[in-house]
Asks: 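One structure, pasted below without further comment.
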Amino acid sequence: MSDNQGFDLIVIGAGSGGVRLARMSAQKGARVAVVESRYLGGTCVNVGCVPKKLFVYGAHVQEDLDDAAGYGWRIPKDGVSFDWPTLVANKNTEIERLNGIYGQLLESAGVEVIRGTASIRDANTVVVGDQHYSAKHITVATGSWPVVPDIPGKECILTSNEMFYLPQLPRHAVVWGGGYIAVEFAGILSGLGVKTTLLYRGDLFLRGFDEDVRRFTEQEMRKKGIDLQFNVTIESIEAHNAHYQVNLSDGEVLETGLVMAATGRRALVDGLGLAELGIELNASGHIVVDDHFQTSVPSVTALGDVIGTPQLTPVAIAQGMVLSRRLFGDGQGEMDYSAIPTAVFCQPNIGTVGLTEEEARKAGHSLRIYKSDFRPMKYTLSGRDERCLMKLVVDDQTDKVLGAHMVGPDAGEIIQGLAVAIKAGATKAQFDSTMGIHPTSAEEFVTMRDPVA
Ligand code: NDP
C-alpha cells in the first residue's frame, strides 16, 4: 500500500459537476485528482442527456419523412427502412469521441485521472484499490442511479442504462413511470415504430409541471398513438419464451417484448464509507450539505445528483464552478436555484421556466394567464395534426412574467432565450414591446395580447 500525499482536491466522480469542479480548480493552481470507476462524462454523456437527444433526433425522422409528402417530396414507403443497430453504433462512436474530449480536457488542465472505485477512509484520505491518496479537500460527485421498484419479476426490467445498448427493438414495449425519462423514452420508442404503452401510478403524468402542459402533452402523445394508462402500476412480471407478461394493478395483463422502468433515481453513495465517517444522509438517501456544499465533515463536500438538488447537468456544472471558487478562488459565490429552465424531450418537446400557474397561485400571486394553442406553420402543408401550446404566467400587480411554458417543436431552444428575460425580471409590457421574429412559433410569446384568465 502506497501513500500519495498532497492533493489539494480529490473529486470522486467524473460526471458533469465533478469534471467542471476538477478542471476549474486545477486552472486556479490547485493540485487535483479525479477518481472514476466507470466512464468519463458521467450519466449525461454516457447514458443520459447526450445519447437520449441523439435517439430523439433519430426517432423524429419518420415524422419528417411523412411530412415531406405535403411539400412535394415522394418517398416510396417500401424504399424506407430503419436499422436500430446502426443508430446505436453511431451513437456509441459519438459517445467515445466525447469520452476522449473529457479526458483531454482534464489532462490539459493538469488533473490526474485515477481509474477505480473510491472510498473515503478519513476526512483527508481517499482509497482506490491498494492506493491511499491524501487531500486537503474531498468532493463526492458520484451522481445517481436508476431505481427499480421491488416487485416479483423485477429482474426482467430494463432501465435507461440498458436501453442505450439494446441489441434490438421489440415490437411492443411497456414504459413504467411518468417523469422525464419515461415520457422521453416513450416518445423515442414510439417514433422508432415500437408500439408503446406508458404506465403511470397517478392521475396524470409529469407531476410538478404546469397542469396545462401536462394535459396538452397527454393529448399530443395520445395522437401519436402512444397508449397512456394512468392510475395503474405493475404488480408483477413473468418471463415467457419470447415475451413478458405484465400483471397490472387493475387486473389487466399486458404481453410485451420489453419492460423499462423510469421510476426515479437514487443517490449513488454505495461503498463510499460515508456512514463510517459520520456523513449524514437525508430520508431520501441524498448527502446532506449546507449552502456551500459542505457535509457534516468539513473537509468533505458534495455536489450534483448525489445531494438531491435538481438532477440536471447545468445545475451540477454551476455547482462545480461555485464550489471551485469557494475552495480555491475568492471564497465567494452562491447557487441560485430560481427559475431553472428545463426541457423534456418527449414528442413534441416541453420547455419550461419559472413558476407554473399552480405554484404561482399557491404562492399568493394574483395572476393574468396568457395562452396560445395553434398548429405550427410547418404542419399546415403536411397536414400533420400536431398542435403547439405556449403559456405565460404573469403577476397582475407587478406585471412580472413569473413563468413561461411551451409544448411544441424546439420548445427547449425557445425557452432558453426566454429564461434570460424571466431571470432578469422582465414584465409582460416588455414582452409586448419586443418585436417578434416572423414567421416563427416563438413570436407567439411576444404577441399574446389578451389574458384568458
Ligand atoms: P422522475 O423523478 O422525474 O420520475 C419518476 C417517475 O416514476 C414519476 O412519475 C414517479 O411517480 C414514478 N415512480 C416513482 N416510484 C415509483 C414506484 N415505486 N412505482 C411506480 N411509479 C413510480 O425520475 P426519472 O427517472 O424520470 O428522471 C430522474 C431525473 O433525471 C429527473 O427528475 C430529471 O431531473 C433528470 N432528467 C432530466 C432530463 C432532461 O433534462 N431532459 C431527462 C431525463 C432525466 P410520481 O410522480 O407519482 O412520484
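For ligands, and for the atoms within them, numbers begin at 1 and follow the listed sequence. Because the structure is predicted, anything quoted here is derived from the model rather than measured.
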Asks: Considering heavy atoms of the protein only, find what lies nearest to atom 43 (C) of ligand 1 and give residue, atom and distance to 0.1 Å.
Replies: Ile181 CG1, 3.4 Å
Asks: Please classify the Ala343 to ligand 1 contact at 4.0 Å (heavy-atom distances, strictly less than): side chain, backbone, both or neither.
Replies: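 Backbone only; the side chain of Ala343 stays clear of ligand 1.
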Asks: I'd like to check whether Arg265 has a polar contact with ligand 1, where a contact means an N/O of the residue lying under 3.5 Å from an N/O of the ligand.
Replies: no
Asks: Measure the distances from the heavy atoms of Trp176 to every atom of ligand 1 and state whether one is below 4.0 angstrom.
Replies: yes
Asks: Can you check whether Pro310 has an N/O within less than 3.5 Å of an N/O in ligand 1?
Replies: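 No, Pro310 has no N/O under 3.5 Å of an N/O on ligand 1.
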Asks: Evaluate Glu184 for polar contact with ligand 1, using N/O atom pairs at a separation under 3.5 Å.
Replies: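 Glu184 vs ligand 1: N/O contact under 3.5 Å present.
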Asks: Using a 4.0 Å heavy-atom cut-off, which part of Tyr200 comes near ligand 1: side chain, backbone, both, or neither?
Replies: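 Answer for Tyr200: side chain.
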Asks: For Asp66 and Gln62, test the side chains for any donor-to-acceptor distance below 3.5 angstrom and give the result as yes or no.
Replies: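 Yes, a side-chain donor-acceptor pair sits under 3.5 Å.
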Asks: Counting non-hydrogen protein atoms only, what is the nearest one to atom 25 (O) of ligand 1? Give residue, atom name and distance.
Replies: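 Result: Gly264 N, 3.2 Å.
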Asks: Is any N or O atom of Gly178, backbone or side chain, closer than 3.5 Å to an N or O atom of ligand 1?
Replies: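 Min N/O separation from ligand 1 is below 3.5 Å for Gly178.
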Asks: Please check: side-chain N/O of Glu162 versus main-chain N/O of Thr159, any donor-acceptor pairing under 3.5 Å?
Replies: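 Pair found, side chain donor or acceptor close to backbone of Thr159.
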Asks: Is the count of non-hydrogen atoms from other residues, nucleotides or ligands lying under 6.0 Å from Lys224 atom NZ greater than 12?
Replies: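 Counting other residues, nucleotides and ligands, NZ of Lys224 exceeds 12 neighbours.
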Asks: Starting from atom 10 (C) of ligand 1, which protein heavy atom do you reach first, and at what distance in Å?
Replies: Arg201 NH2, 4.0 Å
Asks: Sort out for me which residue in Leu204, Val183, Ile226 forms a side-chain contact (heavy atoms from CB on, under 4.5 Å) with Glu218.
Replies: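 Testing each of Leu204, Val183, Ile226 against Glu218, the sole residue satisfying side-chain contact (heavy atoms from CB on, under 4.5 Å) is Leu204.
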Asks: Can you tell me the protein heavy atom closest to atom 32 (O) of ligand 1 and the distance?
Replies: Tyr180 CD1, 3.8 Å
Asks: How far is atom 34 (O) of ligand 1 from the closest protein heavy atom, and which atom is that?
Replies: Gln311 O, 3.0 Å
Asks: Just to verify, which of Phe164, Trp176, Phe345 counts as forming a ring pair (Phe, Tyr, Trp, His ring centres under 6.0 Å) with Phe185?
Replies: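 With Phe185 as partner, ring pair (Phe, Tyr, Trp, His ring centres under 6.0 Å) holds for just one option, Phe164.
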Asks: Between His172 and Glu255, does any side-chain donor sit less than 3.5 Å from a side-chain acceptor?
Replies: no
Asks: Who gets closest to atom 15 (N) of ligand 1 by heavy atom: Leu312, Thr263, Ile151?
Replies: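 Answer by nearest heavy atom: Thr263.
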Asks: Go through ligand 1 atom by atom and flag the ones less than 4.0 Å from a non-hydrogen atom of Lys52.
Replies: 41 (N), 42 (C)
Asks: Answer yes or no: does atom CD of Gln416 have more than 12 heavy-atom neighbours from other residues, nucleotides or ligands under 6.0 Å?
Replies: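 For Gln416, atom CD is not crowded (no more than 12 foreign heavy atoms under 6.0 Å).
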Asks: Which heavy atom of the protein is the closest neighbour of atom 18 (N) of ligand 1, given with residue, atom name and distance?
Replies: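 Here the closest protein heavy atom is Pro149 CG, 3.6 Å.
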Asks: For atom 48 (O) of ligand 1, what is the closest protein heavy atom, and at what distance to 0.1 Å?
Replies: Arg207 NH2, 2.7 Å
Asks: Can you find an N/O atom of Gly179 closer than 3.5 Å to an N/O atom of ligand 1?
Replies: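 So ligand 1 has an N or O lying under 3.5 Å from an N or O of Gly179.
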Asks: Have a look at Phe205 and tell me which of Tyr180, Phe230, Tyr200 forms a ring pair (Phe, Tyr, Trp, His ring centres under 6.0 Å) with it.
Replies: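 The single option meeting the ring pair (Phe, Tyr, Trp, His ring centres under 6.0 Å) with Phe205 is Phe230.
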